[in-house]
Amino acid sequence: MLVAPGGGGPPAGSGARRDASGGAGAEVVVGAVGSRAFDGETPVRWVWDDTWRWYPRLLADGVRVERCLDLRLAHRVLRGSAAVAGGSALSSAAASALFDGPPVAPDEPVADSLFEVAPSAPQPSLDECESELAAQDDAVVGSAQPARLRLLLVAESAGALAAAEMRHAGMPWDRAVHDEVLTAQLGPRPAGDARPARMAELAAQVRSALDAPRLNPDSLPDVLRELRRNGLAVRSTSRWELQGLDHPAVEPLLAYKKLSRLHSANGWAWLDRWVPDGRFRPEYVVGGVVTGRWGSSGGGALQIPKQVRSAVRADEGWRLVVADAAQLEPRVLAGLARDERMAEAGRGRDLYAGIVDAGVVETRELAKVGMLGALYGGTTGASAAVLPRLARAFPSALGLVEAAARAGERGEVVSTLLGRSSPRPGAAWSELQSSALDVDAGSAAESRARAQTRAWGRFTRNFVVQGTAAEWALCWIADLRRRLWAMGASAAPGSAAAPFAGRPHLVYFLHDELVVHTPAAMADAVAEAVRAAAAVAGRLLFGEFPVDFPLTVASVESYAEAKG
DNA sequence: GCAATAAGCGCG
DNA sequence: AAAGCGCGCTTATTGC
C-alpha cells in the first residue's frame, strides 16, 4: 500500500528515509519500498536498488516517480567504467552481491503463471543502499569525468523509469487489424498446430518443384540437400543466397520462409500471448546491451516487423506521435570527434545528401554505405572503396573510429562520451593471441588470431558510436518524459491507465525512434516537445558544438503510416 | 528425455 | 552481390 502524491508522509514500514548527505536537493533513500516527496514540492530523487523491482507496483497503484537513481544500473556502469579508479568500495564483495547482476523480478504477482515467481535477488537493506550510494558518489567524484558520469547515471535511471512506464501503459494494439493482416497473408487462422492454408500451398509447390514429396520445408538440412540434388550450388538456404537463382522452387520457397517467419514470430499465437487486451506490454531491459542500448525480453519488442505495424493504432480521439532521429549514429560521431565539416554536411538536411553536396561522393547511397562501413568496419565492396574519400573529407570523424578499432585490436578498453566502457576481451581471446605467438604455431593459428583481433577492433570501433548514440537517446527520452508529464492532462476519451489518464505518454522506444500516445488535441504540442527534447539531448552531450539532430516526426493513427 | 547450439531472419 | 556492428526469437538439430 502506498501513499499517492499529495497525500501524507511515507507509509508505515516503508523504510523510506530522508538522506542528509546526498548532495544537491533532497534525496530519499529507499531500501525496501518508497514513498513520495516529503514536502510535496522539492523534486525528490528516489534512490533504490532496482527500478524494475519496485516501480511496476507503484505504477499499478497509480503513482508516478519523477526522478530516481537506480543503484544496480549505476553500479554496473561505474564498475565497468575506465574513468573510475579501481579498488573502491564498489568492488567489495558485499556490494557486488547486492548490486551486481541483472535486474530482479518485479515485486508483483505474475498473473498468468501457475508457478511461484523465482526468488528475487537479495534485497538490500536501507543501510546497504545508503552505503552503496555513498560509494557510488565517491567513485563519481573521484573519477576522471564526474559530470559526464553523473549525467549517464541519471539518464540511465530515467530510462529505467520510462521503460517501466511504457510497459505499464502498453502500446495500443488492435487485435482485429492484426488478425486481418495475418488472414490476408496466411489464410484463415488454422485450428491447432496446422499449417495455415497459404503456407501449405507453398510447401506443396516447393515439394513438387524439387521432386521431393515428403520434404519438410522447415528442415534446413533437408531443404539444402534437396536444392543441391536439383543442381543448385548453394551453401545455405538463406534468402540472399537463393534469390535470383533460376529454379521453380526458389520463389515458393522464399515466399514460404517469409510467411513462416510471420506466422511463428508474430502470428496468432504471439497475438494471444502478448496482446491479450489491446495493449502490447513488452519488457524492456535497460542497459541490456553492452553498448548501453536497451534489450528486450519476451515478445520481441525491438523486432516488430513492418508487416504488422498497421495493428498499432491510437485509441479513439488519440494520436500516435512517431519520431525518428535521422542518421543518428553518424551525427553522434561528428559530435564525438568534433568534426565540423561533417556536422556542417548534416546541418538542416539529410546528412548523406550533405556529403554528396560537399562533393565527397556521387550518390546518397554511396555516402550511406560508406558511412556505415566506417561505423561497422567494412573492408570490402563499395563501402571500402569510398572509405578513403570519406577519410580525406572528414579526418577527425574517421580518425576517431579508426583509433577505437586500433585500441580494440590491442586489447584495450574504449569508452563512450559519457563514460560507459567496453568490456575487456575474454580469457579465450588472449589465449588465442598468445598461442599464435608460439614458435611452432601454424599459419592457421596465426590467421585465426588475426581474424579475432580484427573482429574485436570492429566491435570497439562500433562501440564508441553505438554507445554514445544510446546515451543521446537516453537523454532524449528522459527529457521528453519530463515534458510530456508537464503538459498535463486533457479531457480526452480513451483508456490510458493511471497515472497517465488523459495524458500524453511514451509507449514505444527503439534505439533512435519513439512513439507517444497522446490525446489528439495535444499531438502538435507533443511533436514540438519531441523536437525540443532532441535539441536538449544534443546540448547535454555535445554542449555548444554545432551538430544537429533532426527528426522525422509524424502524427498518425497507425504506426504503419509513419516514415516509409 | 532435456539443454545447448546453429541457422535464419526480424529490428536498429 | 550483404560486406562490416548490436540484439531476440523460433525451429530443427545435436549433444549429453
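So that the names make sense, note that chain A is the first sequence line, chain B the second, and so on, each numbered from 1.
When ring centroids are compared, W476(A) and F509(A) stay outside the 6.0 Å threshold.
Put simply, NE2 on H511(A) is 7 Å from C1' on dG6(C), counting in whole angstrom units. The distance from atom CD of Q466(A) to atom P of dG12(B) is 14 Å, rounded to the nearest whole Å. In this structure, OH of Y376(A) is placed 11 Å from C1' of dC7(C), rounded to the nearest angstrom. Regarding H263(A), its NE2 atom lies at a distance of 18 Å from the P atom of dC9(B), rounded to whole Å. Summarising the geometry, the separation between CZ on R293(A) and C1' on dG12(B) is reported as 5 Å, rounded to the nearest angstrom. In this entry the distance linking NZ of K306(A) with C1' of dC9(B) reads 14 Å, nearest Å. A straight line from CZ of R454(A) to C1' of dC5(C) spans 17 Å, rounded to a whole angstrom. The nearest whole Å value for the distance from the CG atom in L253(A) to the C1' atom in dC9(B) is 14 Å.
For dC9(B), the OP1/OP2 oxygens have no side-chain nitrogen or oxygen of K258(A) closer than 4.0 Å. Proximity of R239(A) to the phosphate of dG10(B): a side-chain N or O atom is located under 4.0 Å from OP1 or OP2.
Annotation: R410(A), atom CZ; neighbour count of heavy atoms from other residues, nucleotides and ligands within 6.0 Å is above 12. The 12-atom threshold is exceeded at CD of Q452(A), counting heavy atoms of other residues, nucleotides or ligands nearer than 6.0 Å.
The side chain of Q243(A) has dA1(C) as its nearest neighbour among dA1(C), dG6(C), dG4(C). Closest approach to the S238(A) side chain among dG12(B), dA3(C), dC9(B) is made by dC9(B) (side chain taken as heavy atoms from C-beta onward). Ranking dC11(B), dG6(C), dG8(B) by closeness to the T237(A) side chain, first place goes to dG8(B). When distances run from any side-chain atom of P305(A) to the nucleotides dG6(C), dC9(B), dC11(B), the shortest one goes to dC11(B). Comparing atom distances between the S236(A) side chain and each of dC5(C), dG6(C), dG8(B) picks out dG8(B) as nearest.
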At under 4.0 Å between heavy atoms, how does the protein contact nucleotides 9-16 of chain C? Give one character per nucleotide, 5' to 3', with B, S or -. SSSSS---
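Of the residues D479(A), L480(A), L484(A), the one that meets the side chain to side chain contact (heavy atoms under 4.5 Å, CB included) test with V530(A) is L480(A).
Within 4.0 Å (heavy atoms only), R235(A) reaches no atom of the nucleic acid at all. Residue contacts for V290(A): at a heavy-atom cut-off of 4.0 Å it reaches the sugar-phosphate backbone alone, with no base atom in range. Among the atoms of the strands shown, none is found under 4.0 Å from any heavy atom of L262(A).
Contact check of residues 393-422 of chain A against DNA chain C (heavy atom, cut-off under 4.0 Å) returns no residues at all.
Classified by interplanar angle (parallel below 30°, tilted 30° to 60°, perpendicular above 60°), the ring pair H505(A)/H517(A) is perpendicular. By the 30° and 60° cut-offs, the orientation of the rings of W429(A) relative to W456(A) is tilted.
Taking the charged nitrogens against the carboxylate oxygens, E329(A) and R293(A) do have a contact shorter than 4.0 Å, which makes a salt bridge. Comment: R331(A) does not engage D512(A) in a salt bridge, judged by the lack of any side-chain N to carboxylate O separation of less than 4.0 angstrom. A salt bridge is absent between K368(A) and E365(A); no separation between the charged side-chain nitrogens and carboxylate oxygens falls under 4.0 Å. Salt bridge status for E561(A) with R309(A): absent, with no side-chain N to carboxylate O gap under 4.0 Å. Between D272(A) and R175(A) there is a salt bridge, since a side-chain N of the basic residue sits under 4.0 Å from a carboxylate O of the acidic one.
Residues T416(A) and T468(A) bring no donor and acceptor atom of their side chains to less than 3.5 Å of each other. Side-chain contact annotation: Y55(A) with E165(A), donor-acceptor N/O pair under 3.5 Å present.
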Given Watson-Crick and G-U pairs under 3.5 Å, DNA chain C in dot-bracket ([ ] crossing, | other strand) is ....||||||||||||
